[in-house]
J.: 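Could you have a look at this structure, given as C-alpha cells, before my questions?
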Amino acid sequence: MNKFAIAIHGGAGTILRSSMTPEKEIAYQEGLKSAIFSGEAILKKGGASFEAVETAIRTLEDNPLFNAGKGAVFTHNGKHEMDASIMNGLDLSAGAVAGVQNIKNPISLARSVMEQSEHVLLAGSGAIEFAKKTNAVFMPDDYFFVQLRYDQLQQALKSDSIVMDHTLPDDKKFGTVGAVALDVHGNLAAGTSTGGMTNKKHGRVGDTPIIGAGTYANNKTCAISCTGHGEFFIRSVVAYDISCLIEYKGLSLKEACELVVKKKLVEIGGEGGLIALDTKGNIEFPFNSEGMYRASLKEGEKPFIGIYND
Ligand code: ASP
C-alpha cells in the first residue's frame, strides 16, 4: 500500500495581499479546505485517484468563488460555456467536454465521457445530447448567474477585451479549478474544470479540456492540472511537456515544472501555473503569476493551503 496524496488549485493570477480582505481570504481558504477534504475522504477509504479528483473538483464547481460550474465566467453573448477534462494515469483513459451549457458539474460529464463513450472529447450540442443519455444534472441559467461575473463581462465589453476571470487591474486572476491525486494503489489521476475567459467568443475552447495541454496523467511520470491563459498553454502543450521532460530527459518533477512554467511559458508570454504530483508523492505548485489558490494533503500530514507567492 502506498501513501495517498492530493493537490488542488482554484486558479492563478494577480492575487495580492493588498487587494484581499480578511473575509475574502477566509472564504477562499475554507473553499480550498472543503475541496481537499472531500478528495481525501475518497482516498482514505482506498478509493481511486480519479474518483478523488472528480469529487474535489465537484466541490470547487459548486462554490461560486471559483470560475467553474456555479461561478463560471460569462461569454461575449452573456452565456456560460464550460470546459472540463479528467485523465486516469493507470491506463491513460481520458474524458473531456468543451463548451457545455447548463451542466451542474462538467467534471462528472467528462468522467462519463471517459467511462461510457468510445470518445475522449465531446463538444457543444453533442456533449449535451450525451449528457441527457447519461442522466447528468442540468441547471437553469439563473443557477450560474453570479453578480461579480456579470460585472466583469460589462467591464470587458466596454474595453472590447477578452480577459481572464477578473478584469480589474488589481484583481486579475484565473479561477479555473483542478485536482491531481495519488491513491493507495499507486495510481495517478488529474482533472481540470473551467468557465474559460470572460467575454470569450462563442465556441472558444481553452486548454482545460485538451488532454496534454491543461490536463495529463501517466503513472510512469506525473499528474498535472493547469490554470492560466489557455491559448499559451495549448501552444506549449504544457502538461504533456512536463511528463515528456521526466520520461525522456530524466528531469525530476521539480526541474520539469520549473523549466516549463518559469522559462518556456514566460518566453512566449504565457501567464499562469499548475499543480503536479508524481508516484512518489512529490507535489509541485509552480506559477509565474503573483499568486495561485492551492492546497495539498499527504496521508498522515496536515493540509497545506497557499494563496500568495510566499
Ligand atoms: N485556462 C483557462 C482557459 O484558458 C482559464 C483559467 O485558467 O482560468 O480557459
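As the structure lists them, so they are numbered: ligands from 1, and atoms in each ligand from 1. Heavy-atom basis, side chains included; hydrogens, waters and symmetry copies ignored.
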J.: Determine, stepwise, if the pair F304 / K298 fulfils side-chain contact (heavy atoms from CB on, under 4.5 Å).
T.: CA-CA 9 Å; F304 159 81; K298 292 186 185 182; over 6 Å; no
J.: Can you sort out which atoms of ligand 1 are near G175, meaning under 4.0 Å from one of its heavy atoms?
T.: 8 (O)
J.: Could you tell me whether some N/O pair between C226 and ligand 1 is separated by less than 3.5 angstrom?
T.: no
J.: With atom 2 (C) of ligand 1 as the reference point, say which of G228, G196, G206 has the nearest heavy atom.
T.: G228
J.: Is E231 close enough to touch ligand 1? Criterion: a residue heavy atom under 4.0 Å from a ligand atom.
T.: no
J.: Who gets closest to atom 9 (O) of ligand 1 by heavy atom: M82, M197, R204, K200?
T.: R204
J.: Heavy atom of G11 under 4.0 Å from ligand 1?
T.: no
J.: Would you say D207 and ligand 1 have an N/O pair spaced under 3.5 Å apart?
T.: yes
J.: Examine distances only and state if a side-chain atom of R294 and a backbone atom of L32 form a donor-acceptor pair shorter than 3.5 Å.
T.: no
J.: So, taking the atom named CG in D278 and the one named CG in L188, what distance separates them when rounded to the nearest 0.5 Å?
T.: 7.5 Å
J.: Can the ring centres of F74 and H80 be said to be less than 6.0 Å apart?
T.: yes
J.: So, do Y150 and F144 have ring centers that fall under 6.0 Å from each other?
T.: no
J.: As an exercise, identify every atom of ligand 1 less than 4.0 angstrom from a heavy atom of T227.
T.: 6 (C), 7 (O), 8 (O)
J.: Charged N to carboxylate O under 4.0 angstrom, K263 versus E258?
T.: no
